[in-house]
Amino acid sequence: GAGVSQSPSNKVTEKGKDVELRCDPISGHTALYWYRQSLGQGLEFLIYFQGNSAPDKSGLPSDRFSAERTGGSVSTLTIQRTQQEDSAVYLCASSLVVAGGLGDEQFFGPGTRLTVL
Amino acid sequence: GNSVTQMEGPVTLSEEAFLTINCTYTATGYPSLFWYVQYPGEGLQLLLKATKADDKGSNKGFEATYRKETTSFHLEKGSVQVSDSAVYFCALSDRSGYTGANSKLTFGKGITLSVRP
């Protein structure tokens, strides 16, 4: 079956512009996560959606970052007024959460490489 | 907050050498522990996991044991191959207060392993 897909695979933008990154999780997966991977900071959690619960936004680095998940499926991460320090690979992951389940595997997409000039 | 510390890299080994990659963690409660691997040009994928103390995760000849007393989850392989060359990430998972299941991952910095023939 299809895995997690992300688009675009690469995005080059100018400082100050807004960007939208898309994630299509594995069908039926109730949990969706955004992370970013950068040379200086490693892999960092950004935001987590689980079912109809309020998202966990504790990892968003500033109010320029936001994300939404429509219909419990596709998610869009938006970065407004991009800065050079936003350059990174943005990874999306999904998992099938079973209440009380442990060790639920997160399946990662290939990522979107964002370059802010 | 939660944190994961991995040994500094990179690591270069000859084929058939023994591998140990150290990982220690700090967490409240009882996290699940994971090793993820990123092969060149590929996405992040789960290598193995352990959900409670003294559990041993294993896959592809790799093993790691969840040691609560030393808060460690060291990765080992008895005989590495060239195909094991990749970046390895140790991670832990929070437990969701809503579902009781695992949620967002906290990653270590990752370590690059190169295996020469």
Side-chain angles (χ1 to χ4, degrees), chain A residues 2-6 9-10 23-26 29-60 67 88-113, chain B residues 1-6 8-10 23 27 29-53 55-59 64 66 73 87-112:
Chain A
V4 177
S5 60
Q6 294 185 244
S9 54
N10 279 285
C23 172
D24 285 85
I26 293 173
H29 278 192
T30 55
L32 186 147
Y33 313 78
W34 284 97
Y35 299 87
R36 73 176 175 182
Q37 186 174 19
S38 57
L39 280 176
Q41 301 299 323
L43 267 161
E44 303 172 278
F45 163 76
L46 297 176
I47 187 168
Y48 160 51
F49 297 89
Q50 166 51 34
N52 295 321
S53 303
D56 177 351
K57 304 180 182 180
S58 60
L60 295 178
V89 177
Y90 289 82
L91 297 173
C92 177
S94 70
S95 68
L96 179 62
V97 173
V98 177
L102 303 176
D104 310 306
E105 179 177 354
Q106 293 185 23
F107 293 84
F108 283 80
T112 293
R113 181 175 296 278
Chain B
N2 297 338
S3 67
V4 175
T5 302
Q6 290 184 234
E8 296 284 325
C23 172
Y30 302 93
S32 294
L33 301 176
F34 305 82
W35 276 99
Y36 277 82
V37 60
Q38 193 169 33
Y39 297 103
E42 297 185 17
L44 205 59
Q45 56 187 276
L46 179 67
L47 179 61
L48 53 83
K49 64 186 181 188
T51 59
K52 60 183 188 296
D55 266 3
K56 178 185 283 188
S58 61
N59 186 26
Y66 189 143
F73 193 54
V87 182
Y88 292 81
F89 295 90
C90 185
L92 66 81
S93 176
D94 275 339
R95 200 71 65 79
S96 166
Y98 176 65
T99 65
N102 290 302
S103 65
K104 63 181 183 283
L105 293 167
T106 298
F107 288 92
K109 294 285 188 186
I111 186 169
T112 300

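Worth saying up front: this structure is predicted, and the values here are computed from it rather than measured. When reading the values below, keep in mind they use all heavy atoms of this one structure, side chains included, and skip hydrogens, waters and symmetry mates. Chain letters run A, B, ... following the sequence lines, proteins first, then strands; residues in each count from 1.
Here the CD-NZ distance, from A/Q50 to B/K104, works out to 13.0 Å after rounding to the nearest 0.5 Å.
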> Which is it for A/L43 and B/T106 under the side-chain contact (heavy atoms from CB on, under 4.5 Å) test, yes or no, and what are the steps along the way?
Replying inline: CA-CA 8 Å; A/L43 267 161; B/T106 298; over 6 Å; no

> Does the pair A/Q106 and B/L46 meet the rule for a side-chain contact (heavy atoms from CB on, under 4.5 Å), with working shown?
Replying inline: CA-CA 8 Å; A/Q106 293 185 23; B/L46 179 67; over 6 Å; no

> What do the steps show when you test A/F45 against B/F107 for ring pair (Phe, Tyr, Trp, His ring centres under 6.0 Å), and what is the final call?
Replying inline: CA-CA 9 Å; A/F45 163 76; B/F107 288 92; over 10 Å; no

> Please walk me through it: do A/Q37 and B/F89 pass side-chain contact (heavy atoms from CB on, under 4.5 Å)?
Replying inline: CA-CA 12 Å; A/Q37 186 174 19; B/F89 295 90; 3.4 Å; yes

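The backbone N or O of B/L105 sits less than 3.5 Å from a side-chain atom of A/Y35, completing a donor-acceptor pair.
B/E42 has its side chain out of reach of A/P110: every pair of non-hydrogen atoms, C-beta onward, lies at least 4.5 Å apart.
Of the two parts of B/Q6, neither the backbone nor the side chain holds a non-hydrogen atom closer than 4.5 Å to a non-hydrogen atom of chain A.
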